[in-house]
There are 2 protein chains.
Amino acid sequence: MTSGTLVPVFAALGDETRWSILAALGDGDASASALAERLPVTRQAIAKHLAVLQEVGLVEPLRVGREVQYRVVGGELSATAKRLDALSAVWDRRLAAIKEIAEGL
Amino acid sequence: MTSGTLVPVFAALGDETRWSILAALGDGDASASALAERLPVTRQAIAKHLAVLQEVGLVEPLRVGREVQYRVVGGELSATAKRLDALSAVWDRRLAAIKEIAEGL
DNA sequence: GAGTAATGCAACTCAATGGTTGCAGTAGTC
DNA sequence: GACTACTGCAACCATTGAGTTGCATTACTC
C-alpha cells in the first residue's frame, strides 16, 4: 500500500535536469557525451543522472561501438502513471469514506 | 512540455516519510503533534514535511481550536496521475515515431 | 601501432534537506 | 488569571545529492 518501488521513481522524476535529459532523449537515443553538448551541464553530471534514471528503469543503456547510447523506456513512464492512478483511486475511496463518517453518518 | 508544476510534486512524493504521513492522514485528519505520536520522527520534522506537502497542494491545513489539522487533498493526487498519464502518452507516441524511423522508414 | 574520442572512476565542493533540540508564543481549560 | 498543550521559529548537525575537475581506461580509426 505504501507503493513499494514507486517512491524511487518519483524521486528520480523530481528533478528538472533529469526531465531535460528525458526530453532530449525524446528526440532520439543519445550518449552522455552527446547530451552534454545540448545541455548546460557536464558529461559526468549527465552520466550520474542517467545512472539514477537507469536504476529506476526509466532509461536503458545500449552499447553502440565505443559509445553507450541511452533510450527512454516508454513503458515505465506509463506504468508509473497507472500505478499512481490506482493509488489515487484508493485514496479517493478512502477519503470519501472518511468524509461520509465525518458528515455525521 | 517540461511538465511545468509537476516536478515539485514528484519531488514531494519521492520521500518515504512523506508517504507515511500521507498514509497516516488517510486514516483521518490529524495534527502534526498527533502524527508525531504515530510516526518515528519528531513533531518538527513532520511539520516540515507537511509544509512541503502543502506547498505542492497535496495536503491542506485546517485550524480546529488550538490545533491545526491536516487533510489529504485527494484531487491533487488524481490530477498528478492524469497529468503523468498524458505525458507518458506523448512519450509513447514520440518513441513510436522514432522507432518507425529507426527501423528504416 | 599511434592517435583520438569515447566511457569510467575518484575526489572534491557546495547547497539542499531530513532530522534534531530548545525556546517563545498562543489559545483553550479549570 | 493560572495552567496546560499545542503551534511556530531558529539554530544546529549530518547526510545526501547535484555539480565540478582530473585522470585512467577502453575501443574505434588510420
Side-chain angles (χ1 to χ4, degrees), chain A residues 2-3 5-25 27-73, chain B residues 2-3 5-25 27-73:
Chain A
T2 322
S3 74
T5 174
L6 249 189
V7 181
V9 181
F10 286 133
L13 292 177
D15 183 279
E16 295 281 1
T17 305
R18 237 114 61 187
W19 277 100
S20 309
I21 291 176
L22 287 176
L25 287 181
D27 295 336
D29 303 352
S31 65
S33 300
L35 289 170
E37 293 172 0
R38 302 174 53 185
L39 298 176
V41 285
T42 321
R43 193 205 85 213
Q44 283 81 348
I46 290 179
K48 284 191 192 176
H49 284 303
L50 284 172
V52 344
L53 288 172
Q54 180 182 346
E55 185 83 12
V56 299
L58 281 168
V59 117
E60 69 185 5
L62 185 60
R63 183 123 224 158
V64 177
R66 81 178 121 188
E67 62 184 58
V68 179
Q69 296 195 340
Y70 286 83
R71 148 177 314 169
V72 175
V73 178
Chain B
T2 321
S3 74
T5 175
L6 248 190
V7 181
V9 181
F10 286 132
L13 291 177
D15 183 277
E16 295 281 0
T17 304
R18 239 114 61 186
W19 278 100
S20 309
I21 291 176
L22 287 176
L25 286 181
D27 296 337
D29 302 352
S31 65
S33 302
L35 289 169
E37 291 172 3
R38 303 174 53 184
L39 298 175
V41 286
T42 321
R43 191 205 87 215
Q44 283 81 348
I46 290 178
K48 284 190 191 176
H49 285 302
L50 284 172
V52 342
L53 287 173
Q54 179 182 346
E55 185 84 11
V56 299
L58 282 168
V59 117
E60 69 185 4
L62 186 60
R63 183 125 224 157
V64 176
R66 81 176 123 189
E67 61 184 59
V68 179
Q69 296 195 339
Y70 286 83
R71 150 177 313 169
V72 176
V73 177

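The shown structure was predicted, so the numbers you read here are calculated from the model rather than taken from an experiment. In what follows, every chain begins at residue 1, and chains take the letters A, B, ... in the order their sequences are listed.
Counting non-hydrogen atoms under 4.0 angstrom, B:A32 reaches the backbone sugars and phosphates but no base.
Following rounding to the nearest Å, B:Q69 (CD) and C:dG28 (P) show an atom-to-atom distance of 13 Å. Here D:dC6 presents its P atom at 13 Å from CG of B:L35, a figure rounded to the nearest Å. In this structure, A:Y70 places its OH atom 15 Å from P of C:dA6, rounding to the nearest Å.
A donor-acceptor pair under 3.5 Å is formed between the side chain of A:S31 and the backbone N or O of A:A34.
Going from atom CG of B:L50 over to atom CD of B:E60 covers 12.5 Å, rounded to the nearest 0.5 Å. Rounding to the nearest 0.5 Å gives a distance of 11.5 Å between CG of B:L58 and CD1 of B:I21.
For the pairing with B:S20, the side-chain contact (heavy atoms from CB on, under 4.5 Å) check across B:V41, B:I46, B:L39 returns one residue only, B:L39.
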Exercise. Would you please test A:D15 and A:L53 for side-chain contact (heavy atoms from CB on, under 4.5 Å) and show each step?
Key: CA-CA 11 Å; A:D15 183 279; A:L53 288 172; over 6 Å; no
**Item:** Derivation and outcome, side-chain contact (heavy atoms from CB on, under 4.5 Å), residues B:V56 and B:L13
**Value:** CA-CA 10 Å; B:V56 299; B:L13 291 177; over 6 Å; no
In B/S/- notation (B base, S sugar-phosphate only, - none; protein heavy atoms under 4.0 Å), nucleotides 13-26 of chain C written 5' to 3' is -----SBBBB----
